[in-house]
Amino acid sequence: MNNLLEKITYHFNDKLPFVVYRKPNETTVTGFFMNDDELHFVDNFTESGFVFAPFDSAEKSILFPLNRALFISEELVNKEKIIEKKPFSVDDSSKKKHVQIIEKAIHEIKTTDLQKVVISREELVKISYFDVLEIYKQLLFTYKNAFVYVWFHPKVGLWFGASPETLLIIEDEAFKTMSLAGTQVYNNTEKPVWKSKELEEQQLVTNFIKNQLKDSTTNLIIDKTETIRAGNLLHLRTKVSGMLKESSTLEQLIRALHPTPAVCGLPRKIAKDFIDTNESYNRSFYTGFLGELNLQNATSTLKKTQLFVNLRCMKVQDDVASVFVGGGITKDSNAENEWEETVSKAKTMKQVL
């Protein structure tokens with residue numbers, strides 16, 4: 001059995017902060033284990049450690065500082081069976097409200113300067129049996145091409161996620177990011193037909209990234225849009241890469257990108273105001289970002305930052321899991337279809353409970 005994974009249970013029971021994660025398509029699991037429950041925050045993104053940032057960029061980002069952590073990496077030994085869970089029932093109680101917000105959003109888009117807005121909801125799922133390690137292992141072995149993590153701080157809470165989306169990878173001055181938008185259910189084909197609504201939504205995100213980065217970067221390369229699979233869903237993805245200008249900082253780059261239209265909307269401020277006014281809950285760390293900040297590996301002197309958008313995630317408190325799901329709304333959206341999309345996205349987390 002993996003010693004690192006076993007440490008999850010001990011640290012959680014001792015109420016000590018930790019994060020354990022595995023990057024997409026890798027077999028190495030990494031952990032930061034803190035030896036006290038002090039809360040640390042990011043000041044200007046020059047720190048080294050693991051960052052856990054909320055959706056609202058005006059709020060503080062939590063840091064597990066590298067110099068205060070036991071930092072371990074280990075090869076994952078996969079001897080686990082994927083447990084086929086009984087399907088959870090769909091919670092229709094919030095459907096009416098969610099559909100109403102979407103219809104209001106479509107109306108705003110057609111009559112104001114709003115082009116796109118991401119509307120999300122929180123679904124509460126009662127858990128009859130909870131084991132922090134068991135849930136994390138199920139996520140690890142079910143979603144091999146996602147950033148799969150468990151994060152805990154006794155003063156903040158317990159979070160799990162399996163995110164398909166990179167916010168930013170930067171090593172020295174070279175960076176990579178992506179625009180990810182458009183969703184459909186995977187039906188045994190990697191070559192699906194995408195409708196104009198999804199293609200337009202994807203283009204809006206790509207254009208935003210291009211625009212936001214033009215002043216702080218050079219040599220911007222935008223790849224061809226491709227279809228990727230994330231669990232039971234397919235998405236459209238466009239990879240973007242380039243070089244950070246010498247006069248630019250990592251903090252500037254993060255502030256330019258987050259929150260992207262894939263989690264907020266366009267124009268950013270109008271979309272954020274609509275979300276704050278109409279979503280009836282606090283997103284907290286859902287649609288924020290998380291990952292390694294300014295870490296050096298053993299073979300290089302260069303510092304590398306690797307951040308992921310906190311999608312397909314849940315917060316667990318006592319015997320209740322809050323599963324967070326959402327979708328991008330444009331002028332061509334259909335409220336009923338958008339509801340169904342959130343139902344599909346909720347399965348990512350619900351099937352490991």
Side-chain angles (χ1 to χ4, degrees), residues 21-26 50-55 57 61 116-120 139 142-149 151 159-170 175-186 194 198-199 201-210 212-213 222-223 225-241 253-266 268 271 275 283-293 305-314 323-329 341-342 344-349:
Y21 57 93
R22 187 214 58 213
K23 293 171 191 171
N25 303 309
E26 291 193 7
F50 191 97
V51 62
F52 196 57
F55 166 64
S57 52
S61 300
K116 174 190 172 173
V117 64
V118 176
I119 300 299
S120 70
L139 279 175
T142 309
Y143 301 111
K144 293 190 171 155
N145 61 351
F147 179 80
V148 177
Y149 78 88
W151 184 99
W159 286 72
F160 295 87
S163 175
E165 183 172 358
T166 300
L167 177 70
L168 181 66
I169 299 171
I170 181 160
F175 75 87
K176 293 176 194 164
T177 182
M178 65 169 67
S179 71
L180 190 84
T183 302
Q184 58 176 285
V185 175
Y186 173 68
W194 291 98
E198 283 90 10
L199 293 165
E201 190 186 340
Q202 168 66 12
Q203 197 55 51
L204 285 173
V205 181
T206 306
N207 292 349
F208 167 87
I209 291 172
K210 193 172 157 184
Q212 290 291 97
L213 297 183
I222 294 165
D223 285 2
T225 300
E226 58 191 341
T227 297
I228 61 145
R229 185 178 168 194
N232 61 324
L233 301 174
L234 297 174
H235 301 291
L236 286 165
R237 177 177 73 185
T238 308
K239 292 180 183 175
V240 179
S241 60
L253 197 54
I254 290 169
R255 297 286 177 230
L257 288 171
H258 175 75
T260 74
V263 299
C264 182
L266 274 173
R268 184 150 74 180
I275 289 165
R283 287 190 184 187
S284 181
F285 294 95
Y286 166 58
T287 63
F289 62 87
L290 72 164
E292 295 174 345
L293 190 61
T305 292
Q306 205 160 350
L307 305 175
F308 295 83
V309 182
N310 200 14
L311 300 172
R312 309 297 131 79
C313 63
M314 65 181 170
V323 177
F324 302 99
V325 281
I329 311 303
E341 184 178 307
T342 66
S344 297
K345 286 175 175 174
K347 286 178 185 164
T348 302
M349 288 294 124

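Residues: numbered from 1 along the sequence shown.
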Pairwise side-chain contact, Lys239 with Thr166, heavy-atom cut-off 4.5 Å (strictly under):
no
Checking side-chain polar atoms at under 3.5 Å, does Trp194 have a donor or acceptor matched by the opposite partner on Thr227?
yes
Under the side-chain contact (heavy atoms from CB on, under 4.5 Å) test, residues paired with Asn145 that sit two or more places apart:
Asn25
Determine, step by step, whether Trp159 and Asn310 satisfy the side chain to side chain contact (heavy atoms under 4.5 Å, CB included) criterion, reporting the C-alpha distance in whole Å, the side-chain angles of both residues, the deciding distance to 0.1 Å, and the verdict.
CA-CA 10 Å; Trp159 286 72; Asn310 200 14; 4.0 Å; yes
When rounded to the nearest 0.5 angstrom, what is the spacing between CG in Leu257 and CE in Met178?
12.0 Å
Rounded to the nearest 0.5 Å, what separation is found between the NZ atom of Lys176 and the CD1 atom of Ile169?
5.5 Å
Donor-acceptor pair, distance only, cut-off 3.5 Å: does the side chain of His258 make one with the backbone of Val309?
no
Considering all heavy atoms, the nearest Ser344-Asn232 contact:
O-ND2, 3.3 Å
Closest contact, heavy atoms only, Tyr143 versus Thr348
OH-O, 2.9 Å
Criterion salt bridge (charged side-chain N to carboxylate O under 4.0 Å, His left out) on Glu165 and Arg312, from CA distance to verdict
CA-CA 10 Å; Glu165 183 172 358; Arg312 309 297 131 79; over 6 Å; no
Say you draw a straight line from CD of Gln306 to CD of Glu292; how long is it, rounded to the nearest 0.5 Å?
6.0 Å
Residues that Thr225 engages under side-chain contact (heavy atoms from CB on, under 4.5 Å), provided they are two or more places apart:
Gln202, Leu236, Thr238
Is the backbone of Lys144 close enough, under 3.5 Å, to the side chain of Arg22 for a donor and an acceptor to pair up by distance?
yes
Begin from the C-alpha positions of Leu233 and Tyr186 and carry the test side chain to side chain contact (heavy atoms under 4.5 Å, CB included) through to its verdict.
CA-CA 5 Å; Leu233 301 174; Tyr186 173 68; 6.0 Å; no
Is there a side-chain contact between Ser163 and Cys313 (heavy atoms, below 4.5 Å)?
no
I'd like to check Trp151 versus Leu290 (side-chain heavy atoms, cut-off strictly below 4.5 Å). Are they in contact?
no
Anything under 30° is parallel, anything over 60° is perpendicular, the rest tilted; go ahead and classify Phe308 against Phe147.
parallel
Smallest separation among heavy atoms of Ala162 and Val148, with atom names:
CB-CG2, 4.0 Å
For side chain to side chain contact (heavy atoms under 4.5 Å, CB included), just list the numbers for Leu180 and Val205, CA-CA rounded to whole Å, side-chain angles, deciding distance to a tenth of an Å, and then say yes or no.
CA-CA 7 Å; Leu180 190 84; Val205 181; over 6 Å; no
What's the spacing between His235 NE2 and Arg229 CZ if we round to 0.5 Å?
11.0 Å
Donor-acceptor contact present, side-chain Lys345 to main-chain Gly326, <3.5 Å
yes
Spatial distance of atom CG (Leu253) from atom CD (Gln212) [nearest 0.5 Å]
10.5 Å
Side-chain contact test, heavy atoms from C-beta onward, threshold under 4.5 Å: evaluate it for Phe208 versus Ser179 and give yes or no.
no
Would you call the rings of Phe324 and Tyr286 parallel, tilted or perpendicular, where under 30° means parallel and over 60° means perpendicular?
parallel
Under 30°, 30 to 60°, or over 60°: which ring-plane class applies to Phe285 and Phe52, parallel, tilted or perpendicular?
parallel
Give, for atom CG of Leu307 and atom CG of Leu293, the distance between the pair rounded to the nearest 0.5 Å.
6.5 Å
Side-chain heavy atoms of Leu234 within contact of Ile228, under 4.5 Å:
no
Which is it for Thr287 and Val118 under the side chain to side chain contact (heavy atoms under 4.5 Å, CB included) test, yes or no, and what are the steps along the way?
CA-CA 10 Å; Thr287 63; Val118 176; 5.7 Å; no
Output yes when a side-chain donor or acceptor of Lys116 lies under 3.5 Å from a complementary backbone atom of Pro261, and no otherwise.
yes
What residues form a side-chain contact (heavy atoms from CB on, under 4.5 Å) with Pro259, not counting sequence neighbours?
Phe55, Ser57, Val263, Cys264, Arg268
Is the shortest heavy-atom distance from the side chain of Val240 to the side chain of Asp223 under 4.5 Å?
no
